[in-house]
Structures are given as structure tokens and as C-alpha cells.
Amino acid sequence: MLDLNFIREHPEVVREALRKRHEDTSILDRVLELDRRRRELIAQVERLRAERNRVSKEISRLKDPEERNARIAAMRELKSRLETLEKELRDVETQLNELLLRIPNIPRPEVPEGVDERDNVILRTWGEPRTFDFEPLPHWDLGPMLDIIDFERAAKISGSRFYILKGAGARLQRALISWMLDVHTREHGYTEIYPPALVRSHALIGTGNLPKFADTLYKDREEDLWLIPTAEVPVTNLYREEILPPGSLPIYHTAYTPCFRREKVAAGRDVRGIKRVHQFDKVELVKFVEPEQGPEELESLLRHAETIVQRLELPYRIVLLSTGDLGFSSAITYDIEVWAPGSGEWLEVSSCSWFTDFQARRANIRYRPERGAKPRFVHTLNGSGLALPRTMIAILETYQQEDGSVIIPEVLRPYMGGMERIEGKKAE
RNA sequence: GGGGAGGUGCCGGAGUGGUUGAACGGGGCCGCCUGCUAAGCGGUUGUGGGGGCAGAAACCUCCACCGUGGGUUCGAAUCCCACCCUCCCCGCCA
């Protein structure tokens with residue numbers, strides 16, 4: 001959420017941001033109009049309330065019943081005027097707030113302007129995509145062949161866009177999770193969190209998933225509980241409605257959770273394989289920092305995520321998202337994309353974003369810079385560290401051998417009981 | 001799921017319709033005292049919004065906030081309703 005004062009004082013900045021994101025700018029005009037009305041009403045309401053408070057105090061001191069009753073009668077009239085205005089003020093504030101929740105964050109100046117992902121900018125590339133002297137298979141062929149991914153039985157149980165990991169496949173994912181968490185907690189200074197995977201709607205409002213993107217989320221039928229699309233939601237909301245004491249920042253958290261996404265918007269896209277599924281696991285990195293530290297913290301967040309891909313020795317590239325592809329809450333985002341030689345495409349395994357105070361304002365997360373100082377909104381950042389299925393795709397497709405087996409990256413072997421290679425039954 | 005208790009400031013804990021933004025205690029902070037420390041004494045201690053000021057700090061003033069949202073009343077932390085949360089007992093259960 002943007003600061004209403006900022007919107008009022010710099011409407012042209014907000015209008016420009018909406019334009020760059022290809023959003024309807026009329027929402028801004030409605031906000032400005034409601035804000036004007038709100039301020040008028042506040043002035044009137046407060047004037048009446050001040051009078052009411054003053055006279056009520058007088059009444060309490062009056063002994064003479066005649067005089068007292070006269071005053072009370074006069075106040076009755078004031079009261080009804082006040083109630084009418086208060087009702088209108090409430091309505092205006094409700095409308096205003098609903099609109100404010102639908103205005104996206106302002107992109108940073110260094111974000112390239114663009115229409116969609118085609119306008120994203122590739123900043124750099126790491127590693128050389130492997131060359132094969134045989135035709136590399138996509139993971140949706142490799143997985144079943146090795147008997148480590150089972151799509152058919154998953155569909156039987158849960159329908160399309162679900163998958164089952166089996167044997168070494170399940171173990172490989174578990175190894176990745178443990179290893180990633182170890183790297184982030186031991187080497188990068190993150191504290192591990194195990195959060196709820198079901199959250200109240202206000203938590204999703206805090207991160208910016210609601211109210212605009214309700215159709216991408218799974219929701220409980222009877223209660224106000226939603227399945228998280230990412231650990232970002234519960235972890236960012238950890239400190240909601242809090243004022244963190246001086247010296248608290250920065251706070252780094254990492255969390256491993258399942259993630260649930262309806263993928264209704266992408267119907268028909270990426271139907272094969274485990275690239276785009278309704279349920280997947282992810283290790284997430286979340287930071288709470290002082291506003292001034294934002295740029296540096298974004299860079300180090302990106303480095304922390306990159307460390308994982310580098311140690312797996314998977315070639316990747318860093319992409320700076322354009323305004324057309326930038327997420328609703330983000331001010332700037334870098335994607336890490338790994339090369340999947342079998343599928344023949346770059347896969348987004350991490351999205352590292354700086355949200356400035358956008359989420360902090362929505363979730364009311366503040367900190368006190370020093371004793372006695374006024375509270376300020378923190379800045380939040382997050383990025384995947386990494387998403388499991390896509391990392392698995394890159395590993396399987398990159399390290400496949402001509403005989404169909406897959407070499408396990410060295411860093412994971414200690415987490416796999418020393419296993420060096422996944423071999424299919426057919427290959428034996 | 002059934003029954004009961006309760007949600008007040010940084011913490012503990014009063015307060016059941018009228019100078020209560022909130023007694024009292026603890027903690028914190030600032031002074032005083034003291035060779036130093038402890039004890040003791042005095043003072044102070046919230047958040048958000050509006051105005052005084054074009055702007056920043058300080059200060060003054062008004063409004064709101066005693067779980068959340070409505071309601072009753074001239075006036076509500078105090079009364080009523082709904083919801084959320086915590087604790088205890090019973091039942092059920094991984």
C-alpha cells in the first residue's frame with residue numbers, strides 16, 4: 001500500500017507508475033476524490049466531537065436539573081448531526097481503503113519499462129550450458145523412466161498438475177531442502193522458521209496477494225483460512241502489528257514450506273512435467289531491514305540465492321524484470337533462471353524482490369530506530385532460495401547420462417547417504 | 001464439539017456510566033544524593049491523525065485508540081450485540 005500522503009502530494013508520480021505497469025489510472029482519480037471528501041468529513045466530525053466532549057463535561061458538573069436537561073436536549077440534536085457525518089466518513093474510508101489496496105507499488109527508476117516478460121533485461125549469465133553428444137530428455141520422460149516421478153498415479157488421486165516423487169526422487173528433494181536450509185542458516189545468517197501453511201485473509205492482504213489475486217489461491221470452504229502460495233506470506237506477517245525495538249534489524253528468516261497455487265490463469269500452459277503444479281515445495285528467504293539498506297540487502301539476497309545454483313553447478317542467468325512483468329507488491333525484482341537442457345528453456349527458480357515499505361504498511365510492521373524515536377515502517381525483501389521442482393528439473397536434465405542415469409551433484413551426496421547416481425530399473 | 005473464566009499502557013494489576021490516557025506497583029529514562037555500587041528522593045515514560053507553522057525539530061492544542069467491529073447514551077474502558085484470541089474442565093483425536 002502506498003502512503004496516502006504521498007499519493008496526495010505526488011499524484012503525478014503515482015499516475016506514471018500505473019501507466020508504466022499498464023494499469024488503469026482512473027483508480028488514482030477516485031482515490032484523490034475520496035481523500036478530499038474524507039478530509040472534509042474529518043474536519044467536520046472532529047469539530048462536532050470536540051464540542052460534544054466539552055459540553056458533556058459541563059453537564060456532569062451541572063447540579064440544576066432544569067439547566068441540565070436543557071443542555072442534554074441541545075446535545076441530542078448535535079448528536080444526530082454527528083452520527084450522519086460519522087456514517088458518511090466510515091463509508092468514504094471503507095471505499096478509499098479498498099481502492100488503496102488495489103494500487104500496486106511504484107517501480108524503482110532502474111526498472112526497465114516494458115509490456116511483458118519479453119522486455120525483461122538479462123543482466124548476466126553464469127556457467128556454460130552443457131553440450132550433449134546424445135539427445136537430452138525432458139524430465140517428464142526421465143522421471144518416469146527412472147521410476148522417481150509418477151504423474152499417472154498423481155492424476156488418479158488429485159488430477160492434473162500434481163506429481164508424486166518416489167524413491168531417490170523424493171530423497172533428492174529432501175536432500176535439497178536440508179542442504180539449502182543449512183547453507184542459509186549456517187553461512188548466510190538466516191534463522192529458520194516453520195510457519196503455518198494456512199493463513200487468515202489479512203495475512204494475504206499484508207503481502208499483497210489479496211484482494212486482487214484471490215482467484216489464484218485455494219481457500220477453506222467454511223473458515224477464513226487460505227493455503228499459502230509461498231512462505232513469504234506467513235513469514236512476512238510474523239511481525240505484523242508490531243513495533244520492533246531498536247537494534248532488531250536486520251532480521252533474516254528462511255522457511256521451508258509447501259506452496260499451493262491454483263494456476264487458473266495459466267490454464268493450458270506448461271501442462272507437462274513438474275514446472276507448473278498446484279502444490280510444490282520451496283525454501284524461502286525473507287528479510288526485514290531499515291529503508292536505507294534496501295539496495296544492498298537486495299543484492300546480498302540475490303547472492304544468497306545464487307550461491308545455491310552455483311554450488312549445484314547449474315548454468316543460470318539473472319534477469320531484471322520490466323514494469324510489465326513486475327509483481328504487484330514489488331518495486332524491483334531479479335529472477336534467477338536456470339537452464340533446463342531437456343525441456344530446452346530457462347526456468348525461474350527464484351524471484352528476489354524489494355518491496356520497500358509497501359508490505360510493511362499493509363501489515364503494519366514498524367521498528368523504532370533508537371530509543372524514544374518515532375516508529376518507521378520496515379522494508380521487506382524476499383526471494384526463493386530455491387523452488388524445489390524447477391531445481392529438480394534442472395538437476396535431472398543437466399546431469400542425465402546417455403544410459404538414462406542421473407549423476408547427483410557433489411554437494412548433495414552427503415545428504416543422500418553418499419549416493420552418487422540415480423539409476424533406473426531399466427538401465428540395470 | 002460441550003461447559004466455565006478472561007482479554008486494560010513496556011510488564012504486573014486496579015477500575016463497572018461523567019475532569020480516567022487511565023489508580024497502585026515493577027521496569028526504563030532524566031535529575032538529586034553518594035568515594036564507587038546498592039538503597040533512597042524528585043521528575044518522566046504510548047500510538048495514529050488534524051490544526052497552530054511553507055518545511056524540519058521542539059512545544060501547544062484538538063480528535064481517535066483500554067482484543068476487533070457495531071449499538072445504547074448528552075457522555076462508555078465501564079452497559080448491550082457479534083466476531084477474534086487466550087486460559088481451565090469434559091469429550092474426541094494424529
Side-chain angles (χ1 to χ4, degrees), chain A residues 1-10 13 31-32 34-98 100-101 194-206 210-211 219-226 234 237-249 258 291-292 357 360-378:
Chain A
M1 184 155 66
L2 301 180
D3 180 5
L4 186 53
N5 290 315
F6 180 86
I7 296 175
R8 184 159 55 234
E9 283 158 30
H10 308 282
V13 174
V31 163
L32 292 171
L34 283 167
D35 177 51
R36 260 194 298 279
R37 184 68 190 135
R38 173 178 156 270
R39 286 159 64 82
E40 277 172 26
L41 286 166
I42 285 173
Q44 294 178 38
V45 162
E46 292 202 341
R47 211 175 324 113
L48 288 181
R49 286 211 272 238
E51 190 183 346
R52 178 198 66 191
N53 291 347
R54 189 175 54 73
V55 175
S56 286
K57 270 181 193 167
E58 284 173 24
I59 290 174
S60 71
R61 282 193 293 264
L62 289 176
K63 294 283 176 260
D64 178 34
E66 291 282 321
E67 202 177 334
R68 199 181 163 99
N69 288 336
R71 287 300 187 86
I72 289 174
M75 279 299 100
R76 255 189 212 120
E77 198 253 333
L78 181 144
K79 185 195 174 184
S80 79
R81 269 194 296 154
L82 181 59
E83 277 175 347
T84 309
L85 290 173
E86 281 178 330
K87 170 85 167 63
E88 191 181 347
L89 178 60
R90 269 203 304 277
D91 289 347
V92 166
E93 286 188 325
T94 304
Q95 288 177 48
L96 180 59
N97 199 40
E98 276 169 15
L100 283 176
L101 289 175
Y194 172 78
L198 287 116
V199 297
R200 289 268 175 82
S201 52
H202 66 221
L204 287 153
I205 288 169
L210 287 179
K219 186 186 184 310
D220 181 274
R221 266 170 187 264
E222 297 175 352
E223 295 181 71
D224 179 32
L225 279 177
W226 304 62
N237 280 280
L238 262 183
Y239 305 107
R240 61 176 296 120
E241 318 284 346
E242 288 189 37
I243 299 173
L244 301 166
S248 304
L249 301 182
E292 289 71 23
D357 61 1
R361 190 168 258 117
R362 287 173 159 248
N364 196 21
I365 308 167
R366 292 173 295 172
Y367 75 104
R368 210 180 288 280
E370 47 199 274
R371 191 188 290 283
K374 284 186 71 172
R376 300 176 73 191
F377 286 108
V378 304

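We name chains A, B, ... by the order of the sequence lines, and we start the count at 1 in each one. Keep in mind that what you see is a predicted model, and the values were worked out from it rather than measured.
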Looking across every strand, which nucleic acid part, if any, lies under 4.0 Å from A/Pro375 by heavy atom: base, sugar-phosphate, or nothing?
sugar-phosphate
Non-neighbouring partners of A/His202 that pass ring pair (Phe, Tyr, Trp, His ring centres under 6.0 Å), sequence neighbours left out
none
CD (A/Glu46) and CG (A/Leu41) are apart, to the nearest 0.5 Å, by 11.5 Å
Within residues 35-45 of chain A, those residues having any heavy atom closer than 4.0 Å to RNA chain B are none
Let me know, please, whether A/Arg47 or A/Asn5 comes out on the 5' side of the other along RNA chain B by nearest nucleotide.
A/Asn5
With rounding to the nearest 0.5 Å, note down the distance linking CZ in A/Arg71 to OG in A/Ser56.
10.5 Å
I'd like to know if the side chain of A/Arg368 and the backbone of A/Ala373 have a donor-acceptor N/O pair within less than 3.5 Å.
yes
Watson-Crick/G-U partner (both atom distances under 3.5 Å) of B/A64
B/U47
Whole-Å gap separating P (B/C65) and CD (A/Glu241):
17 Å
Distance in angstrom units between A/Leu89 CG and B/C63 P, rounded
16 Å
Go ahead and name the base partner of B/G6; Watson-Crick or wobble counts if both distances stay under 3.5 Å, otherwise write none.
B/C85
Between P on B/U47 and CD1 on A/Ile365, what's the gap in Å once rounded to a whole number?
18 Å
Check this for me: A/Glu66, atom CD, are more than 12 non-hydrogen atoms of other residues, nucleotides or ligands nearer than 6.0 Å?
no
Footprint string (nucleotides 69-83 of chain B, 5' to 3'): B base within contact, S backbone only, - free, heavy atoms under 4.0 Å:
-SSSBBS--------
Whom does B/C79 pair with, Watson-Crick or G-U wobble, provided both distances fall under 3.5 Å?
B/G71
Within the side chain of A/Arg362, is there an N or O that forms a donor-acceptor pair under 3.5 Å with the backbone of A/Leu101?
yes
What's the gap between B/U78 and B/G17 when it is taken at their P atoms, as a whole Å value?
12 Å
Would you mind reading off the distance between A/Arg240 atom CZ and B/C84 atom P, rounded to a whole angstrom?
16 Å
Under the side chain to side chain donor-acceptor pair (under 3.5 Å) test, residues paired with A/Gln44 that sit two or more places apart:
none
Using both distances under 3.5 Å as the test, list the Watson-Crick or G-U wobble partner of B/C59, or none.
B/G52
A/Arg376: salt bridge (charged side-chain N to carboxylate O under 4.0 Å, His left out) partners, not counting sequence neighbours:
A/Glu292
With sequence neighbours excluded, what pairs up with A/Arg36 under the salt bridge (charged side-chain N to carboxylate O under 4.0 Å, His left out) test?
A/Glu33
The side chain to side chain donor-acceptor pair (under 3.5 Å) partners of A/Arg81 (sequence neighbours excluded) come to none
If the C1' atom of B/C87 is compared with that of B/C33, how far apart are they to the nearest Å?
46 Å
When the distance from CZ of A/Arg376 to P of B/G48 is rounded to whole Å, what number comes out?
13 Å
Looking at B/C84, B/C63, B/G48, which one has an atom nearest to any side-chain atom of A/Arg200?
B/C84
On a whole-Å scale, what distance lies between the C1' atoms belonging to B/C53 and B/G71?
40 Å
Pick the C1' atom in B/C84 and in B/A23, then give their distance to the nearest Å.
30 Å
The criterion is ring pair (Phe, Tyr, Trp, His ring centres under 6.0 Å); which residues satisfy it with A/Phe377, sequence neighbours excluded?
none
Got a donor-acceptor contact below 3.5 angstrom from the A/Arg366 side chain to the A/Ile243 backbone?
no
Which whole number of Å gives the distance between the P atom of B/U68 and that of B/C11?
14 Å
Rounding to the closest angstrom, what is the interatomic distance between B/U72 and B/A77 at atom P?
16 Å
On a whole-Å scale, what distance lies between the P atoms belonging to B/U47 and B/G43?
23 Å
Partner nucleotide, any strand, of B/G1 [Watson-Crick/G-U, under 3.5 Å]:
B/C90
Detail all sub-3.5 Å separations between protein N/O atoms and N/O atoms belonging to nucleotides 52-57 of chain B.
none

When rounded to the nearest 0.5 angstrom, what distance separates CG in A/Asn237 from CG in A/Asn364?
11.0 Å
Contacts of type side chain to side chain donor-acceptor pair (under 3.5 Å), residue A/Arg221, not counting sequence neighbours:
none
Quick one: pull up CD1 in A/Ile59 and CD in A/Glu67 and give me the separation to the nearest 0.5 Å.
10.5 Å
Report all side-chain donor-acceptor pairs from residues 82-94 of chain A shorter than 3.5 Å, counting only partners two or more places apart or in another chain.
from    : atom 1 : to      : atom 2 : distance (Å)
A/Thr84 : OG1    : A/Ser80 : O      : 2.9
A/Glu86 : OE2    : A/Arg49 : NH1    : 2.6
A/Lys87 : NZ     : A/Asp91 : OD2    : 3.0
A/Glu88 : OE1    : A/Arg37 : NH2    : 3.2
A/Glu88 : OE2    : A/Arg37 : NE     : 2.9
A/Glu88 : OE2    : A/Arg37 : NH2    : 2.8
A/Glu93 : OE2    : A/Arg38 : NE     : 3.2
A/Thr94 : OG1    : A/Arg90 : O      : 2.8

Between B/G25 and B/A14, how far is it from one C1' atom to the other, in whole Å?
11 Å
Atom CG of A/Leu225 and atom C1' of B/C84 are separated, to the nearest Å, by 12 Å
Within this structure, what is the CD-to-P distance between A/Glu46 and B/G51, rounded to whole angstrom?
10 Å
Every protein N/O lying under 3.5 Å from an N/O of nucleotides 44-46 of chain B:
none

